[in-house]
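Heads up, the thing below is written out as structure tokens.
One-based numbering, in listed order, for ligands and for the atoms of each. Position 1 is the first residue of the sequence, and the numbers go up from there.
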Amino acid sequence: MRSIKWKLITMYLGLVLIVMIVSGTYILLSLRNIEIDKSRQQLEIYAEKIVEQVIEGSEERNFQERLQDTVTNTIGVQGNILNSDGETIASTTALNPPYMQYSDQAIISGMNGEPSFSSGKKSTDSFGLLKEWMSYAMPVLAESGEVEYIVYTRLDASDMQSSLNETTKTITIAVAIALLLAAIMGYVFAQTLTGPILALTKGAKNMAEGKLNQSLKVRSNDEIGQLTSSFNNMAAELRKNMSEISKEKNRLEIILHNMSDGVISFAKDGELMLANTAAEEMLKVEQMDMDFSHFIRTFDISTGVYLDMGNEPSKKVTFPVDKQYISATFSPHYNPKQEMEGVVVVLQDITEQKKLDDMRKEFVANVSHELRTPLTTVKSYTETLMEGALDDRETAMEFLSIIDSEADRMAFLVRDLLQLSRFDNKQVRLNITEIEMNEFLATTVRQNKIHAEAKRQSLSFQPYDHPVVIFGDRDRVGQVVNNIVTNAIKYSLEQAEIKVFITEDDTYYKISVKDTGMGISREDLPRIFERFYRVDKARSRAMGGTGLGLAIAKEIMESHKGRLTAESEYGKGTTMTMWFPKERPELDYAHDFQSGGPTE
Ligand code: ADP
């Protein structure tokens, strides 16, 4: 891996190497130049000495002798005198001729009257060994100005070379040691630099894996230290944000899963994103796992609902699931770029609402129907009267009494409807008192006896063996008892036996009215408490019933926190039972006793 550490070490070593090579080369070259300058000086001085001591004031033939006498304190320096043709005529390298002949660039310069120095010239010495020489040629001019002699001095450069080699070796060793130290230092330096970076990298990796609970140690105050503390701050901030987001998510999930409306969300490709518990319950599925088109097909929702609903804000559809009615609102949702992201479906169980709606419609139809019949009768009799029947007093009286009873009928109907409407609107006020039922029932039964006797029925009340005190509104309780006793008389043939009696259990006193009348069939029994429900419409109407009596009685019993139930066997008889709680009931506010106030 080309890590920063190795890059740094390489850079460090490269730098040291360059510096050392440049400075080493410079040192070596300087040293060499100094050495060469020194040698040149020595050669010049020696040449001048030869001119002074040998050539000046001496004959050419004495040159060799005198040259031998010149001494130099520098080892390895050779002195030669050459004539103007460049031939050696005296030399310190040999005692007698023949002398060594030289071919050197410096000599040629000297022959041209120019003193010249040359270095690095390779040539053999007097023993025939190839050596490197530094040489100096100095022309000696005659009085005429022509070059007469050339003093040629030379020096073996190998000593200087070896000392330079020694220096090179020293420098090379120094470079090697410097490199080693640089490598060690570079490593340590890179380590201190990359250590925190590696720690940061590891921290970031951990963070990406979701481990946000970490804090890195800040070891220095430099940029990396600042980066580390920024990283720690970022981690803390992320932790905070994440916990807030997850809290928010939890809250939303709790809301979503506890709301009574069903929520289903589909992505733009129709894939199911989420469905809450309420949605699964409403759709009666164990686990919602259908995509959009499957959902549409399963519940047979075809009316204009598409995944891409264009610009339509939302669409409401109602569909049945078993016996329930579900209303679904399809709303597309968009991202900030206004591109459709998917569809949210909100489901509501509207079964109750639909039932109420249907009931309301049925009720209105019933009321209209109930009012229309007497109105039609009144209208037709009035017309007949106006057309002349008025003149026939007997017929007129008969018609008028029919009109009167139809008007009564309508008045009863309106009275009953009003009473029901008060219960519906919770406008009924109950004047709750303690009622002793033995006495109360005895009176009520006595008042109804006359009607029973008219049909030769026996109506009796069996007093209970101890006082029975219930809490109720006298008028209302009387209304219920009367209604039930009247019904028993009405819906029983002659000779029937009607018994009123009291029983009790732990929580209720039960007042029952049992007749041996026509009874109610099993299918009709659960419906007799419904408004306008009559088993035999003609008979009921003939007997002045509105079909609302039991509905009102039931409302009254419920407003007393009691119940009204019916048991019956078709053709044998019916037992209606009123249940009164033994404890004084906590009535709803609207039903509370208001001192001195009206009872309705
Ligand atoms: P109605 O004004 O018709 O009497 P109710 O609400 O009092 O209306 O009664 C509803 C229906 O229940 C009656 O039409 C009748 O068919 C049936 N019913 C009530 N009481 C009895 C009973 N004791 N025996 C048989 N049928 C009864």
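Ligand 1 lies less than 4.0 angstrom from a heavy atom belonging to Lys490.
The aromatic ring centres of Phe501 and Tyr464 sit 6.0 Å or more apart.
In this comparison of Ala553, Ala566, Ala496, Gly547, the heavy atom closest to atom 8 (O) of ligand 1 sits on Gly547. When the heavy atoms of Tyr533, Tyr491, Phe529, Phe412 are ranked by distance to atom 1 (P) of ligand 1, first place goes to Tyr491. Nearest-heavy-atom check against atom 24 (N) of ligand 1 across Thr546, Thr574, Leu548 picks out Thr574.
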- Item | side-chain contact (heavy atoms from CB on, under 4.5 Å) evaluation trace for Phe412 with Leu548 | CA-CA 10 Å; Phe412 290 146; Leu548 295 173; over 6 Å; no
- Stepwise, does the ring-ring contact (aromatic ring centres under 6.0 Å, His included) test hold for Tyr509 with Phe580? CA-CA 5 Å; Tyr509 283 121; Phe580 287 99; 8.9 Å; no
- Task: Verify side-chain contact (heavy atoms from CB on, under 4.5 Å) between Asp322 and Lys284, making sure each step is shown before the conclusion.
- Result: CA-CA 9 Å; Asp322 289 354; Lys284 309 241 174 345; 3.5 Å; yes
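Of all the atoms in ligand 1, the ones that sit under 4.0 Å from a non-hydrogen atom of Ala488 are 23 (N). Taking every non-hydrogen atom of Arg534 and a distance limit under 4.0 Å, the qualifying atoms of ligand 1 come out as 3 (O), 14 (O). With ligand atoms numbered from 1 in the order given, ligand 1 contributes 7 (O) to contacts under 4.0 Å with heavy atoms of Asn483. Atoms of ligand 1 found under 4.0 Å from any heavy atom of Ile528, numbered from 1 in the order shown, are 10 (C), 12 (O). Proximity to Gly549 (heavy-atom distance under 4.0 Å) selects the following atoms of ligand 1: 6 (O), 7 (O).
Judged by the 6.0 Å distance and 45° axis criteria, Lys354 is positioned over the aromatic ring of Tyr325.
Looking at Gln419 and Gln479, their side chains do bring a donor and an acceptor atom within 3.5 Å of each other.
The list of salt bridge (Lys or Arg N to Asp or Glu O under 4.0 Å) pairs with a residue in residues 370-383, not counting sequence neighbours, reads Glu370-Arg534, Glu370-Arg541, Lys379-Glu383.
Considering Thr382, Thr384, Asp392 as possible partners of Phe399, the one that fulfils the side chain to side chain contact (heavy atoms under 4.5 Å, CB included) test is Thr384.
For atom 3 (O) of ligand 1, the closest non-hydrogen atom on the protein side is Ser540 OG, 2.5 Å. Atom 20 (N) of ligand 1 has Asn487 CB, 3.4 Å as its closest protein atom, hydrogens excluded (heavy atom only). Shortest contact from atom 5 (P) of ligand 1 to any protein heavy atom: Leu550 N, 3.6 Å. Ranking protein heavy atoms by distance to atom 23 (N) of ligand 1, first place goes to Asp515 OD2, 3.0 Å.
Partners of Arg522 under the salt bridge (charged side-chain N to carboxylate O under 4.0 Å, His left out) rule, at least two apart in sequence or in another chain, do not exist in this structure.
Note: Phe330 and Phe295 have tilted aromatic rings, judged against thresholds of 30 and 60 degrees for the angle between ring planes.
Residue Ile520 has no nitrogen or oxygen atom sitting less than 3.5 Å from a nitrogen or oxygen atom of ligand 1, judged on distance alone. Between Val535 and ligand 1, an N or O atom pair is found at a separation short of 3.5 Å.
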